[in-house]
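A short write-up of the structure that comes next.
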Amino acid sequence: QKEVEQNSGPLSVPEGAIASLNCTYSDRVSQSFFWYRQYSGKSPELIMSIYSNGDKEDGRFTAQLNKASQYVSLLIRDSQPSDSATYLCAVNKGGYQKVTFGTGTKLQVIP
Amino acid sequence: KAGVTQTPRYLIKTRGQQVTLSCSPISGHRSVSWYQQTPGQGLQFLFEYFSETQRNKGNFPGRFSGRQFSNSRSEMNVSTLELGDSALYLCASSDTGGAYEQYFGPGTRLTVT
């Protein structure tokens, strides 16, 4: 079982819709969770971090964390073609341990 | 603040050679992590340096090594290059270490022929 799992996609959504990206992790002691966006040919860009159960909103982005079910999700409201990218989920167990990345979900927003 | 910088941006080497990549973190950040990204394996953790000490290490052979200087700049070295080392090498800086937000540089694209 992979430490961090994501559906590779592509996930296609029409412009203006809500895109829902999901990520599961295997280690219950994980403490920090991150979402990165990576455009083709570019490096990952941090868009959200979440540390406690519940929702965290930042503009059109909402991160959701459920530690009991060991999943974290990212919702993108009013999706735009510029949101088309690969979204990477990353997890850290805390205590200065390494960050483990999922393989990413490719999102395509159709105009 | 200036972002993370990496040099060189592109590199072509032949099998058996060695290569050194450089990373300058965001000013004030003391943690630098290195990752290898390939289409098949995704982002793989190489190692992390914090205050000139290697704090974490991934599952890569000893041909991959790194160091960090007192100004937090970091270098990674790959010796005896193999074709499979062709990848995008990314460094990421953080102000408190692996538990917190990391900010990536643009990467170095290494091609081994």
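Chain letters run A, B, ... following the sequence lines, proteins first and then strands; every chain starts at 1.
When hydrophobic clusters are built by joining Ile, Leu, Val, Met, Phe, Trp and Tyr residues whose side-chain heavy atoms come closer than 4.5 Å, directly or via intermediates, A:Tyr71 is not grouped with A:Leu11. Cluster membership check: A:Ile50 does not share its hydrophobic cluster with A:Leu88, using side-chain heavy-atom separations under 4.5 Å among Ile, Leu, Val, Met, Phe, Trp and Tyr. Hydrophobic clustering keeps A:Tyr25 apart from A:Val99 (ILVMFWY residues linked when any side-chain heavy atoms are closer than 4.5 Å, directly or through intermediates). Taking hydrophobic clusters as Ile, Leu, Val, Met, Phe, Trp and Tyr residues chained together by side-chain heavy-atom distances below 4.5 Å, B:Trp34 does not share a cluster with B:Leu88. With hydrophobic clusters built from ILVMFWY side chains whose heavy atoms lie under 4.5 angstrom apart, A:Val109 shares a cluster with A:Leu21.
In this structure, the side chains of B:Leu43 and A:Pro44 come closer than 4.5 Å at one or more pairs of heavy atoms. At least one side-chain heavy atom of A:Gln38 sits under 4.5 Å from a side-chain heavy atom of B:Gln37. Counting only heavy atoms from C-beta outward, the side chains of B:Gln102 and A:Leu46 never approach each other to under 4.5 Å.
Only the side chain of B:Tyr35 comes within contact range of chain A, judged by heavy atoms closer than 4.5 Å.
Of all heavy-atom pairs between A:Tyr51 and B:Glu101, the closest is OH-OE2, 3.0 Å.
Atom CZ of B:Arg63 has more than 12 heavy atoms from other residues, nucleotides or ligands within 6.0 Å. B:Asn59 CG: 12 or fewer foreign heavy atoms inside a 6.0 Å radius. Applying the 6.0 Å contact sphere to NZ of A:Lys67 captures more than 12 heavy atoms from other residues, nucleotides or ligands.
No close placement of the A:Phe101 and B:Phe45 rings is indicated, their centers lying 6.0 Å or farther apart.
Of all residues in residues 103-113 of chain B, those placing a non-hydrogen atom less than 4.5 angstrom from a non-hydrogen atom of chain A are B:Tyr103, B:Phe104, B:Gly105, B:Pro106.
Contacts classified as ring pair (Phe, Tyr, Trp, His ring centres under 6.0 Å) and involving residues 58-81 of chain B (residues at least two apart or in different chains) are given here: B:Phe60-B:Phe64.
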